[in-house]
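Quick note on labels: first sequence line is chain A, next is B, and so on, each numbered from 1.
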2 protein chains.
Amino acid sequence: MNNNYELYKVFYWAAKTGSLTQAAKTLFLTQPSVSHAIKQLEDSIGLTLFYRNSKGVALTQEGAILYSYIEQSHILITLAEEKMAALKTLESGDLRIGGSDSLFKHYLLPYLEDFHLKYPGVKLHLNHGTTPEVISFLKEGRIDLGVVRMPIVDPQLQVRESFLLQDCFVAGAAYAELKDKVLSLDTLLQYPVILFSRNSRARMTITEIFQSYGYTIKPEIEVGSVDLLIEFARRGLGISYVTREFVSKELEEGSLFEVRLDVPLPPSHVGIMTMRNMPLTSAAIRFIELIG
Amino acid sequence: MNNNYELYKVFYWAAKTGSLTQAAKTLFLTQPSVSHAIKQLEDSIGLTLFYRNSKGVALTQEGAILYSYIEQSHILITLAEEKMAALKTLESGDLRIGGSDSLFKHYLLPYLEDFHLKYPGVKLHLNHGTTPEVISFLKEGRIDLGVVRMPIVDPQLQVRESFLLQDCFVAGAAYAELKDKVLSLDTLLQYPVILFSRNSRARMTITEIFQSYGYTIKPEIEVGSVDLLIEFARRGLGISYVTREFVSKELEEGSLFEVRLDVPLPPSHVGIMTMRNMPLTSAAIRFIELIG
DNA sequence: ATTGTTCATAGATGTGGTCTATAGCTCCTG
DNA sequence: CAGGAGCTATAGACCACATCTATGAACAAT
């Protein structure tokens, strides 16, 4: 017995409606097709499943036993189809994003809020980590997409450039004398510099920039979060290297000002990473469109 | 979404084996057929279910959710098919028989034992009742077949003639003087007659026979079971009208003897009744063959 | 490089699911 | 009792579509 499952669908409706004619209407078939399908099923099983009379059909004992199984099976398939539809329309599902805390807080938050309002059925899972950690999350399949600073070079990953971010040095009132100056790199190095402690993209970038000009940047203070970078700068503990967009509020209100340099600091994109050649969930696709 | 269930079978095996090629082998298809089927399913659902690589396929998040449903569904269908096979081969099932106690005890018992030994997986359900009761059991679908005395005339029923039974009058030692005589009906009526009390086929038959000869038979004693008919005759309380085959033991051992009459008592068949135009279960078919 | 996997694609093929038409049956109704 | 209105079964025709063969492309391993 290696039946075409389609026959069970026909059987289900014939049994449920008690009529081959009704089943045919439900399935958009003709009555002879249904009659034929039922006969096929009966032949392959080797048992009579229905008795027929001029009012329709009724299950035999054995047909009723079969129905008790097929009914359950049909319910599951129906649930599955409903679930799939829900996943497709984002009434349901999961979206798992990896990234740094600061990107979540300063850059992704509005998008996350927006997405959650539009698709409240989709559960959001945020996993923070450094860029290499996020990449391994992706490769392990623990997240659907990663949001990190460019550049990323990994043949397994597909990276979409998103928002442009500009890092810069900022200071607070304690260094007000620098407000209208344009500093050279070696001048800057005479001031205490506050850098992000972890192996972040930004930390690597600024180190490389100084090296390319023949200097070595050594922070006076290292801190573990962007919030502390900002806070320390405000309190006059030094000059922090931060992403300008993350301190826009402080720059506006004047609690921080940008320390300009005589060399350009290259901007960097936020990259949306996904696994190359791996299909995305509907939720992930939609979220990336949203950021787009 | 109104999918061909057959696609889910292909999906199940592709997911389970993690390989379209393996799934194809399992399903006795070619790999392109499976590939095509999966694509069809994905298109109709509107979601990607697998990601493909050179090692095979793996479920996406959404595919995994679908699989969790389809797997259960598949298990149920497999169980259903196994159950059907068991029903067909009589490893499982039910056989519901209606009839009189005396027929069960004196006639069907060896067949029931035989059947039960051959097919221990089939549960036997015995429902006793008078002939009209058994007929309604049948029509209500509470039994698969009825075993009663012929003749039965009912257009809804199909009746197979089975064993031939011969009713006769028997007496015990108290009436030893009748042993070698051949009695006329009116002579017999001078003795106390013991008849079955209920509206049995045998009771009706003997009443009609006497009436056809112009006599009325009125029992001295009426009893409610064949066992009592036999017991009362043995104890000399009268002459019992019983089925000869049911007292064969007593006739052999001499505790009862047949009272011969000068008129023939017509034999009657045991009839196996089933509903006309209603398919029988495998168990019922097999049992009827066995009696055949 | 070469070989052996994998899945995808294109196009040919033919099977079998579906159709139309019709018959047979039962029940109901005027 | 004839006629109609349900129902299912059967026969035969047909064509859609599931499946096939052949091939390509990508990747892994040797």
Side-chain angles (χ1 to χ4, degrees), chain A residues 1-45 47-60 63 139 154-158 275-279, chain B residues 2-44 47-60 63 139 154-158 275-279:
Chain A
M1 175 171 349
N2 186 20
N3 267 320
N4 189 315
Y5 278 16
E6 191 66 359
L7 296 181
Y8 291 121
K9 183 160 77 186
V10 179
F11 169 77
Y12 171 78
W13 285 108
K16 180 171 180 91
T17 61
S19 154
L20 303 193
T21 305
Q22 276 311 308
K25 282 179 187 161
T26 307
L27 294 163
F28 303 103
L29 293 175
T30 59
Q31 171 267 317
S33 294
V34 172
S35 179
H36 183 243
I38 296 297
K39 178 164 287 295
Q40 234 185 308
L41 187 60
E42 288 180 329
D43 287 349
S44 89
I45 291 179
L47 295 170
T48 306
L49 300 171
F50 292 101
Y51 37 84
R52 286 82 161 158
N53 58 45
S54 61
K55 292 184 167 171
V57 297
L59 288 166
T60 60
K139 292 187 178 173
D154 190 315
Q156 287 186 60
L157 301 182
Q158 177 171 2
M275 291 297 285
R276 185 180 299 283
N277 299 330
M278 270 211 186
Chain B
N2 186 19
N3 267 319
N4 190 315
Y5 278 16
E6 190 67 0
L7 296 181
Y8 291 120
K9 182 159 78 186
V10 178
F11 170 77
Y12 171 78
W13 285 107
K16 181 171 179 89
T17 62
S19 154
L20 303 195
T21 305
Q22 277 310 308
K25 282 178 187 162
T26 307
L27 294 164
F28 302 104
L29 293 174
T30 58
Q31 171 268 317
S33 295
V34 172
S35 178
H36 184 245
I38 297 297
K39 178 165 289 294
Q40 233 186 308
L41 187 60
E42 288 180 329
D43 287 349
S44 89
L47 295 171
T48 305
L49 300 171
F50 292 101
Y51 37 83
R52 286 83 162 160
N53 58 45
S54 61
K55 290 185 165 169
V57 296
L59 288 166
T60 60
K139 292 186 178 174
D154 190 314
Q156 286 188 60
L157 301 182
Q158 177 171 2
M275 291 296 286
R276 186 181 298 281
N277 298 331
M278 270 208 187

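- Minimum heavy-atom separation, B:Leu157 to B:Lys139: CD2-CE, 4.5 Å.
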Could you go through the side-chain contact (heavy atoms from CB on, under 4.5 Å) check for B:Tyr5 and A:Val10 one step at a time?
-> CA-CA 10 Å; B:Tyr5 278 16; A:Val10 179; over 6 Å; no
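- Using a 4.0 Å cutoff on non-hydrogen atoms, the parts of residues 12-22 of chain B near DNA chain C are B:Ser19, B:Leu20, B:Thr21, ordered by number.
- With rounding to the nearest 0.5 angstrom, the CG atom of B:Asp43 is 9.0 Å from the OG1 atom of B:Thr48.
- When all heavy atoms are compared, the tightest approach of B:Leu29 to B:Ser33 is CB-CB, 4.3 Å.
- B:Leu41 pairs with exactly one of B:Asn4, B:Leu47, B:Leu7 by the side-chain contact (heavy atoms from CB on, under 4.5 Å) rule, that one being B:Leu7.
- The stretch residues 47-59 of chain B comes close to DNA chain D through B:Ser54, each having a heavy atom under 4.0 Å from the strand.
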Step by step, work out the side-chain contact (heavy atoms from CB on, under 4.5 Å) result for B:Lys16 and B:Trp13.
-> CA-CA 5 Å; B:Lys16 181 171 179 89; B:Trp13 285 107; 3.8 Å; yes
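- The two residues A:Val57 and A:Ser19 make their nearest non-hydrogen contact at CG2-N, 3.8 Å.
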Expected string for nucleotides 12-22 of chain C under the B/S/- scheme (protein heavy atoms, under 4.0 Å, primed atoms plus P, OP1, OP2 as sugar-phosphate) is -----SBBBB-
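- Salt bridge B:Glu42/B:Lys39: absent, no basic N to carboxylate O contact under 4.0 Å.
- Taking atom CG on A:Asp43 and atom P on D:dT10, their separation rounds to 10 Å, with Å as the unit.
- Put simply, A:Lys39 has a side-chain N or O that comes within less than 4.0 Å of OP1 or OP2 on D:dT10.
- Note: B:Leu20 CG to B:Arg52 CZ = 6.5 Å, rounded to the nearest 0.5 Å.
- The shortest side-chain heavy-atom distance between A:Thr60 and A:Phe50 does not fall under the 4.5 Å cut-off.
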